[in-house]
Peer 1: 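Okay, here's the structure, questions in a sec.
Being a predicted model, the structure only gives us computed values, none of them experimental. Along the sequence shown, residues are numbered consecutively beginning with 1.
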Amino acid sequence: MSTLALRRKPVRPARILLHTFLIVTSLAWLAPLLWALFAALRPYAETSEKGYVSWPDKLSLDNFTNAFQQSDMLHYFGNTLLIAVPAVLLTLLLSSMVAFYVSRFDFRLNLALLLVFTAGNLLPQQVIITPLYRLYLLIDLPGVTASGKLYDSALGLVLIHVAFQSGFCAFVLSNYMRSLPHELTEAALVDGASVWRLYWQITLPLCKPAMAALATLLSIWIYNDFFWAIVLISTGENMPITSALNNLSGQYFTDPNLVAAGALLTAIPTLIVYFALQRQFVSGLTLGANKG
């Protein structure tokens, strides 16, 4: 025991400073969330009288119940699912096809094609508001959407999310697919496998870690989107969950504690997705860092 104690290295001051910095940074990030939770558990009458920096007399879940009922949150959760699920699946499908083509086949415009898809992520969304808004108004979809147009429909939001997120996903998946051994596809080609079989049955199953990591990111990004919902949706009932908080704000009075409770409720699905795919998400942070 004494020999092991002698072999232990002394704790360096730099390591102590590093852990101190990480702890302080973690608390700084958690502070707004904990403060919102503290406010959501208190009634507005108490905080208006004593202030928010005070010891609570009563803690309850009444604000969460009222926020869920008053904002009709269940309806907006359904709207968000109609947008997020198809958008995530379509983005992964289309971007994986592009990534497979540019990573497993050699041709002259290989890199240029990938750069075109990636460059779409560099375009600020605010630049195309006006032309996209006019385009959505001109596209008629009678019988397909409730509004009869691409504007003010869940389909319109799905398409714009797919368009903007596909470039990033294609870039990540192409780097991941390049790390896969080419011998797999060469052996399959010798056995007479078609291109579709190479993609669907051989390459795609090997990309499950990358797909799961991207699915986590896409779910969070699309779920939290507020910009495109405001621009491309005009009917309040068609809005996603991020707009449900507007129903908690009155014309002359807003209860901050009620809004805090509603904001915390809207964050629950993203936490569920993250914790469910946490392992794949963490492993996906280094996707494309190495090439085989």
Peer 1: Going only through I, L, V, M, F, W and Y residues with side-chain contacts under 4.5 Å, is there a path from Leu138 to Tyr151?
Peer 2: no
Peer 1: Please check this pair: side chain of Asp255 against backbone of Asn257, looking for a donor-acceptor N/O pair closer than 3.5 Å.
Peer 2: yes
Peer 1: Give, for atom CG of Leu41 and atom CZ of Phe64, the distance between the pair rounded to the nearest 0.5 Å.
Peer 2: 5.0 Å
Peer 1: Pair Leu264, Leu33 - check side chain to side chain contact (heavy atoms under 4.5 Å, CB included), show working.
Peer 2: CA-CA 8 Å; Leu264 292 174; Leu33 179 63; 3.4 Å; yes
Peer 1: What's the verdict on side chain to side chain contact (heavy atoms under 4.5 Å, CB included) for Leu214 and Leu173, showing C-alpha distance, side-chain angles and the deciding distance?
Peer 2: CA-CA 9 Å; Leu214 289 175; Leu173 287 174; 3.6 Å; yes
Peer 1: Please find the pair of heavy atoms, one from Cys169 and one from Leu218, that lie closest to each other, and give the distance.
Peer 2: SG-CD1, 3.7 Å
Peer 1: For Thr235, check side-chain contact (heavy atoms from CB on, under 4.5 Å) against everything at least two apart and list the hits.
Peer 2: Asp152, Glu237, Asn238
Peer 1: In terms of hydrophobic clusters joined by side-chain contacts under 4.5 Å, are Met177 and Val195 together?
Peer 2: yes
Peer 1: Any side-chain heavy atom of Leu206 sitting closer than 4.5 Å to one from Leu184?
Peer 2: yes
Peer 1: What distance separates His75 NE2 from Asn79 CG, expressed to the nearest 0.5 Å?
Peer 2: 4.0 Å
Peer 1: Just how far is it from atom CD1 of Ile222 to atom CD1 of Ile83, taken to the nearest 0.5 Å?
Peer 2: 9.5 Å
Peer 1: Would you indicate whether the side-chain heavy atoms of Pro56 and Leu59 approach each other to under 4.5 Å?
Peer 2: yes
Peer 1: Evaluate the side-chain proximity of Cys207 to Leu180: yes if any heavy-atom separation is below 4.5 Å, no if none is.
Peer 2: yes
Peer 1: Using side chain to side chain contact (heavy atoms under 4.5 Å, CB included), reason through Tyr223 and Leu81 one step at a time and then give a plain yes or no.
Peer 2: CA-CA 8 Å; Tyr223 179 88; Leu81 286 177; over 6 Å; no
Peer 1: Side chains of Trp228 and Leu132: does their closest heavy-atom pair fall under 4.5 Å?
Peer 2: yes
Peer 1: To the nearest 0.5 angstrom, please state how far the CD atom of Gln69 sits from the CG atom of Leu74.
Peer 2: 11.5 Å
Peer 1: How close do Pro269 and Thr266 get, counting heavy atoms only, and between which atoms?
Peer 2: CD-O, 3.4 Å
Peer 1: Hey, do the aromatic rings of Phe38 and Tyr52 have their centres closer than 6.0 Å?
Peer 2: no
Peer 1: For Arg42 and Ser54, does a side-chain donor sit closer than 3.5 Å to a side-chain acceptor?
Peer 2: yes
Peer 1: Sorted by first residue and then second, give each side-chain hydrogen bond (donor to acceptor under 3.5 Å, both in side chains) pair with at least one member in residues 134-150; sequence neighbours left out.
Peer 2: Asp140-Lys149
Peer 1: Kindly indicate whether the side chain of Ile128, heavy atoms from C-beta on, has any atom under 4.5 Å from the side chain of Phe164.
Peer 2: yes
Peer 1: Between CD1 of Ile160 and CG of Leu150, what distance do you get to the nearest 0.5 Å?
Peer 2: 9.5 Å
Peer 1: Calculate, to the nearest 0.5 Å, the distance between atoms CG and CD belonging to Leu90 and Gln165 respectively.
Peer 2: 13.0 Å
Peer 1: Any side-chain heavy-atom pair from Thr270 and Asn224 closer than 4.5 angstrom?
Peer 2: yes
Peer 1: Return yes if some donor-acceptor pair links the side-chain N/O of Ser103 with the main-chain N/O of Arg178 below 3.5 Å, else return no.
Peer 2: no
Peer 1: If you take all heavy atoms of Ala170 and Val98, which pair is closest and at what distance?
Peer 2: CB-CG1, 4.2 Å
Peer 1: Side chains of Ser71 and Tyr76: closer than 4.5 Å at any heavy-atom pair?
Peer 2: no
Peer 1: In this structure, would Leu82 and Val88 fall into the same cluster of hydrophobic residues linked by side-chain contacts under 4.5 Å?
Peer 2: no
Peer 1: According to side-chain contact (heavy atoms from CB on, under 4.5 Å), who are the partners of Pro43, at least two apart in sequence or on a separate chain?
Peer 2: Glu46
Peer 1: Any heavy-atom pair between the side chains of Ser95 and Phe168 that's under 4.5 Å?
Peer 2: no
Peer 1: Restricting to non-hydrogen atoms, name the atom on Val273 and the atom on Ser219 that form the minimum distance, rounded to 0.1 Å.
Peer 2: CG1-CB, 4.0 Å
Peer 1: Measure across Leu92 and Ala215 and return the closest heavy-atom pair with its distance rounded to 0.1 Å.
Peer 2: CD1-CB, 4.0 Å
Peer 1: Just wondering, are more than 12 heavy atoms of other shown residues or ligands nearer than 6.0 Å to CH2 in Trp196?
Peer 2: yes
Peer 1: Taking atom types as modelled, is there a side-chain donor on Tyr199 or Ser96 under 3.5 Å from an acceptor on the other?
Peer 2: yes
Peer 1: Mind checking whether Leu135 and Leu141 sit in one hydrophobic cluster, side chains of I, L, V, M, F, W, Y counted as touching below 4.5 Å?
Peer 2: yes
Peer 1: Could you pull out the closest heavy-atom pair between Thr185 and His182, with the gap in Å?
Peer 2: OG1-O, 2.9 Å
Peer 1: So with a 6.0 Å cut-off around CD of Gln126, is the heavy-atom count from everything else above 12?
Peer 2: yes
Peer 1: State yes or no: do Tyr101 and Leu93 share one hydrophobic cluster built from I, L, V, M, F, W and Y residues joined by side-chain heavy-atom distances below 4.5 Å, directly or via other members?
Peer 2: yes
Peer 1: In terms of the angle between their ring planes, are Phe105 and Phe100 parallel, tilted or perpendicular, with boundaries placed at 30° and 60°?
Peer 2: perpendicular
Peer 1: For the pair Arg104 and Leu198, evaluate side chain to side chain contact (heavy atoms under 4.5 Å, CB included) and give the outcome as yes or no after the intermediate values.
Peer 2: CA-CA 10 Å; Arg104 311 307 283 182; Leu198 288 176; over 6 Å; no
